[in-house]
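Data first, discussion second: the structure below is written as structure tokens.
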Amino acid sequence: LSPLAVDFVGARCGRCGFVVDAMESARLSALERRLASVVEDWSEGRREVEAAEAEEIEGLIDGAFAQHAGATRARRRLVDFYDGRGDAEAKTRHLRACCDFAAAAYPGATASHAWAVDSLADALASAAESPAPPGAPASARGEATDVEEVSAIESAGGAGADAAAEGLRQEAAAHYATAQETLEMMFGAKHCWTAEVVEKLARTEELLRH
């Protein structure tokens with residue numbers, strides 16, 4: 001085995017206590033090299049993110065690198081990919097994972113976590129503005145399957161979509177507040193980064209009042 005292939009030998013899982021042996025270390029090293037290679041190609045623009053490869057990398061992350069800096073780099077590229085496809089749910093899922101990584105990797109008040117939750121809040125606030133936000137019932141998204149459901153949509157007047165949008169804004173406001181608290185603590189209330197989040201929080205709270 002090459003020196004790099006045994007990097008993980010002896011590492012212990014913090015959740016289940018599993019200790020990595022030489023064979024498992026070689027497998028993880030190969031997967032890590034694959035992850036790094038793909039992410040570098042995406043980041044350097046050597047190739048575009050394709051659906052099949054995105055699915056492969058998501059499976060690799062979920063199976064081996066849930067808490068890994070390289071996985072977070074990949075997730076940021078996947079956020080852009082799913083944003084371009086209009087898949088708000090997948091985009092938000094990866095942003096949440098980025099937040100979880102930052103919270104676990106950098107305990108306490110950190111700019112990395114503040115920016116991660118700010119990005120998540122931006123996505124949630126944006127999704128709330130769509131005609132049929134994630135979380136709305138299928139009927140509100142125009143996925144009615146029978147005459148009775150169509151009738152229910154018309155009589156409800158989009159109430160399901162309105163409720164989903166409000167929930168997204170409420171969560172966005174909570175994340176903006178978290179980001180504001182951290183950035184204010186680190187950079188001060190008058191810093192441009194803090195002020196930008198304060199403005200977005202105020203705008204979201206204004207929408208919640210109407």
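What you see is a predicted model; the values in this text were computed from it and never measured.
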message = Quick check: do Arg73 and His68 have side-chain heavy atoms less than 4.5 Å from each other?
response =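 No; the side chains remain at least 4.5 Å from each other.
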Student check: side-chain heavy atoms of Lys200 and Asp118 closer than 4.5 Å = yes
Atom CD of Gln170: over 12 foreign heavy atoms under 6.0 Å =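 Yes.
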ask   = Can you hop from Leu124 to Leu207 via hydrophobic side chains spaced under 4.5 Å?
value = no
key: Partner residues of Glu40 under the side-chain hydrogen bond (donor to acceptor under 3.5 Å, both in side chains) criterion, sequence neighbours left out   =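 Per chain and number, Glu40 pairs via side-chain hydrogen bond (donor to acceptor under 3.5 Å, both in side chains) with Arg46.
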So, [X] side chain and [Y] main chain: donor-acceptor pair closer than 3.5 Å or not?
{"X": "Ser130", "Y": "Ala127", "value": "yes"}
{"X": "Thr178", "Y": "Ala174", "value": "yes"}
{"X": "Thr194", "Y": "Lys190", "value": "no"}

ask   = How far apart are the closest heavy atoms of Ala64 and Leu31, and which atoms are they?
value =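 That would be CB-CD1, 4.0 Å.
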note = Nearest heavy-atom approach of Leu35 to Ala74 is CD1-CB, 4.0 Å
ask   = When Ile, Leu, Val, Met, Phe, Trp and Tyr are grouped by side-chain heavy atoms lying under 4.5 Å apart, directly or through other members, which residues fall in the same group as Trp115?
value = Tyr176, Leu183, Met186, Phe187, Trp193, Val197, Leu201
inquiry  = Starting from Met185 and following side-chain heavy-atom contacts under 4.5 Å between hydrophobic residues (I, L, V, M, F, W, Y), which residues can be reached?
reply    =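 Members besides Met185: none; it forms no cluster.
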query = In chain order, what residues pass the side-chain contact (heavy atoms from CB on, under 4.5 Å) check against Ala189, with sequence neighbours excluded?
reply =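 For Ala189 the side-chain contact (heavy atoms from CB on, under 4.5 Å) partners, ignoring immediate neighbours, are Glu184.
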key: Side-chain ion pair, Glu129 and Arg169, N-O less than 4.0 Å   = yes
query = After noting the C-alpha distance and the side-chain angles of Glu206 and Arg209, does the key distance pass the salt bridge (charged side-chain N to carboxylate O under 4.0 Å, His left out) rule?
reply = CA-CA 5 Å; Glu206 178 67 19; Arg209 285 192 289 269; 2.7 Å; yes
ask   = If you measure from CG on Leu78 to CG on Asp83, what distance do you get to the nearest 0.5 Å?
value =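 Reported value, rounded in 0.5 Å steps: 12.0 Å.
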ask   = Looking at CD1 of Ile61 and CZ of Arg75, how far apart are the two atoms once the value is rounded to the nearest 0.5 Å?
value = 5.0 Å
Donor-acceptor pairs are to be reported for all side-chain atoms of residues 95-112 against protein atoms at under 3.5 Å, with residues two or more places apart or in another chain.
unit_1: Arg96; atom_1: NH1; unit_2: Glu171; atom_2: OE2; d: 2.4
unit_1: Arg96; atom_1: NH2; unit_2: Glu171; atom_2: OE1; d: 3.1
unit_1: Arg96; atom_1: NH2; unit_2: Glu171; atom_2: OE2; d: 3.1
unit_1: Thr110; atom_1: OG1; unit_2: His113; atom_2: N; d: 3.2

ask   = Can you list every side-chain hydrogen bond (donor to acceptor under 3.5 Å, both in side chains) pair that touches residues 51-61, not counting sequence neighbours?
value = Arg34-Glu53, Arg34-Glu56, Trp42-Glu53, Arg47-Glu53, Glu58-Tyr82, Glu58-Arg93, Glu58-His94
